[in-house]
There are 2 protein chains.
Amino acid sequence: MKFTPLIEELIESLKILPSVGPKSAQRIAFQLLERQQKGAKRLSHAIDSALSGVCRCQQCRNFSEQPVCEICQSELRRDTRQLCIVASPMDVLAIEETGHYKGLYFVLMGLLSPIDGIGPEELGLDNLEQQLSHDSIDELILATSPSVEGEATAYYISEMAAQYQLSVTRLAQGLPSGGELASIDGKTLGHAFSGRKSLG
Amino acid sequence: MKFTPLIEELIESLKILPSVGPKSAQRIAFQLLERQQKGAKRLSHAIDSALSGVCRCQQCRNFSEQPVCEICQSELRRDTRQLCIVASPMDVLAIEETGHYKGLYFVLMGLLSPIDGIGPEELGLDNLEQQLSHDSIDELILATSPSVEGEATAYYISEMAAQYQLSVTRLAQGLPSGGELASIDGKTLGHAFSGRKSLG
């Protein structure tokens, strides 16, 4: 026995959500229909509006509701000679919240992963190369995560940037703030050692 | 710094989903916009269709796309002298899958919970009492979960049914205390059915 076709379709389409399996999809579907009808209406409306109203910034590829996003528009208040490469819009938010960086961004919307069919084109690296060739950038900061894909992507971009007159940097790796030395993994500790700085 | 208004609204409305907090809502929103645009469209469409196309069966209160649901319509093939009271449509599915029961259902769509404002009216118990008073039912099977609310609801219904000439039974054997009915394996549920005991 199955549920009605409309409920089955709702359950099926809920399975696209990350970490939602068949059982959770059922639970969510019934919760929406039983107790969250208003919320469900709001959700479907929000999905539709976001799908039609959110585009990519022509300059940095971040999500935006205008052709050029807020950060790229505020060039006067930002250091346009620094360009920080990140994997996702959430990374932009995280960096903005530190208040440590006033340059511009380029959002890859992913990391190189040939197995998933994500190559340089999917990350807009042709667009990035165009921006680099305009010679208005002094420093390219590679802020992808220190994972296999993140390192590979950073390496690929650094190779691409080598022909231009700019300094290419990578976020420092080392001890996370507040971490207990004894509980930090060997790889991180290794990076912390090799990247040690003179106090003098 | 925040995301764009449309993305913020999407994140907010994703928070109505069970066990989705602010961080998960962000992750889901970006996954939908980055990689799941088709799936997101399908989801919003499925929500709309289900909200407008799914109603309650006039007889058993289960979700249905017709005024009377499939199970209630197939009275000829089922034992109409047994009525099984369950809390949710998922419980109906779980019981149907055991193949141990051929009677009809009454779906409460919840359990008595005065703290959440769920009283007898919200569970359609007036409707249930009407059905009981028609004297076509021999056995009322109380298949609510063995939780505090489930027991209280079963007790309330058994009191209500006491004035009618019918046997009131309660699922007993095999149900682990505090467990959720819908997630129990078929064998256990089957044992519970065959070992049901009279409350009188």
Side-chain angles (χ1 to χ4, degrees), chain A residues 1-20 23-24 26-54 56 62-66 69-71 88-90 92-93 95-97 109-110, chain B residues 1-20 23-24 26-54 62-66 69-71 88-90 92-93 96-97 109-110 182-183:
Chain A
M1 188 222 175
K2 284 189 146 201
F3 299 110
T4 76
L6 291 176
I7 296 180
E8 285 293 330
E9 166 62 15
L10 178 57
I11 293 172
E12 273 309 305
S13 49
L14 281 165
K15 286 191 204 155
I16 63 149
L17 300 179
S19 61
V20 169
K23 274 278 166 193
S24 318
Q26 275 187 13
R27 214 180 52 244
I28 297 173
F30 284 110
Q31 175 148 337
L32 291 180
L33 288 169
E34 277 176 42
R35 287 186 292 276
Q36 298 271 18
Q37 301 223 357
K38 268 192 196 164
K41 203 164 232 125
R42 179 179 169 190
L43 175 58
S44 97
H45 183 73
I47 293 175
D48 284 339
S49 310
L51 284 178
S52 61
V54 175
R56 300 280 175 89
N62 200 353
F63 288 127
S64 169
E65 293 176 28
Q66 295 121 19
C69 78
E70 224 170 280
I71 292 180
S88 97
M90 289 172 79
V92 174
L93 196 77
I95 295 174
E96 285 296 291
E97 274 172 359
M109 295 281 182
Chain B
M1 188 223 176
K2 285 192 147 202
F3 300 110
T4 74
L6 290 176
I7 296 181
E8 286 293 332
E9 167 61 15
L10 178 57
I11 293 171
E12 274 307 306
S13 50
L14 281 165
K15 286 191 205 155
I16 62 147
L17 299 179
S19 62
V20 169
K23 275 278 165 195
S24 318
Q26 274 187 14
R27 215 180 52 243
I28 297 173
F30 284 111
Q31 174 148 338
L32 291 180
L33 289 169
E34 277 177 42
R35 286 185 293 277
Q36 299 272 19
Q37 302 222 357
K38 267 192 196 164
K41 202 164 233 126
R42 178 179 170 191
L43 174 59
S44 97
H45 183 73
I47 293 174
D48 285 339
S49 309
L51 284 179
S52 61
V54 176
N62 200 354
F63 288 127
S64 169
E65 294 177 26
Q66 294 120 20
C69 78
E70 225 170 282
I71 293 180
S88 96
M90 290 171 80
V92 174
L93 195 77
E96 286 295 291
E97 274 170 359
M109 295 281 183
S183 60

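All values reported here derive from a predicted model rather than from experimental measurement. Chain letters run A, B, ... following the sequence lines, proteins first and then strands; every chain starts at 1.
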- For B/Ser24, is it the side chain, the backbone, both, or neither that has a heavy atom closer than 4.5 Å to a heavy atom of chain A?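 Neither part; nothing is under 4.5 Å.
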
- Message: Given heavy-atom pairs under 4.5 angstrom as the criterion, report whether the side chain, backbone, both or neither of B/Glu70 touches chain A.
- Response: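 No part of it gets close to chain A.
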
Between [X] and [Y], is any pair of side-chain heavy atoms under 4.5 Å apart?
X	Y	answer
B/Pro89	B/Met109	yes
A/Ile7	A/Ile11	yes
A/Leu93	B/Gln26	yes

Which atom pairs, one a donor and one an acceptor, fall under 3.5 Å between side chains of residues 47-54 of chain A and the rest of the protein, sequence neighbours left out?
unit_1	atom_1	unit_2	atom_2	d
A/Asp48	OD1	B/Ser44	OG	2.6
A/Asp48	OD2	B/Ser44	OG	3.4
A/Ser49	OG	A/His45	O	2.8
A/Ser52	OG	A/Asp48	O	3.1
A/Ser52	OG	A/Ser49	O	3.3

- Pick whichever of A/Pro5, A/Ser13, A/Gly110 has the most heavy-atom pairs under 4.5 Å with chain B.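 Most pairs with chain B among the choices: A/Ser13.
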
- Message: Heavy-atom pairs under 4.5 Å with chain A: which of B/Gln31, B/Glu9, B/Glu65, B/Gln66 has the most?
- Response: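 Result: the option with the highest number of such pairs is B/Glu65.
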
- Query: Most heavy-atom pairs under 4.5 angstrom with chain A, which of B/Leu43, B/Leu17, B/Val20, B/Ile28?
  - Reply: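 Between B/Leu43, B/Leu17, B/Val20, B/Ile28, the count favours B/Leu43.
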
Ignoring hydrogens and angles, write down the donor-acceptor pairs under 3.5 Å from the side chains of residues 32-39 of chain B, residues two or more places apart or on other chains.
unit_1	atom_1	unit_2	atom_2	d
B/Gln37	NE2	B/Leu33	O	2.8

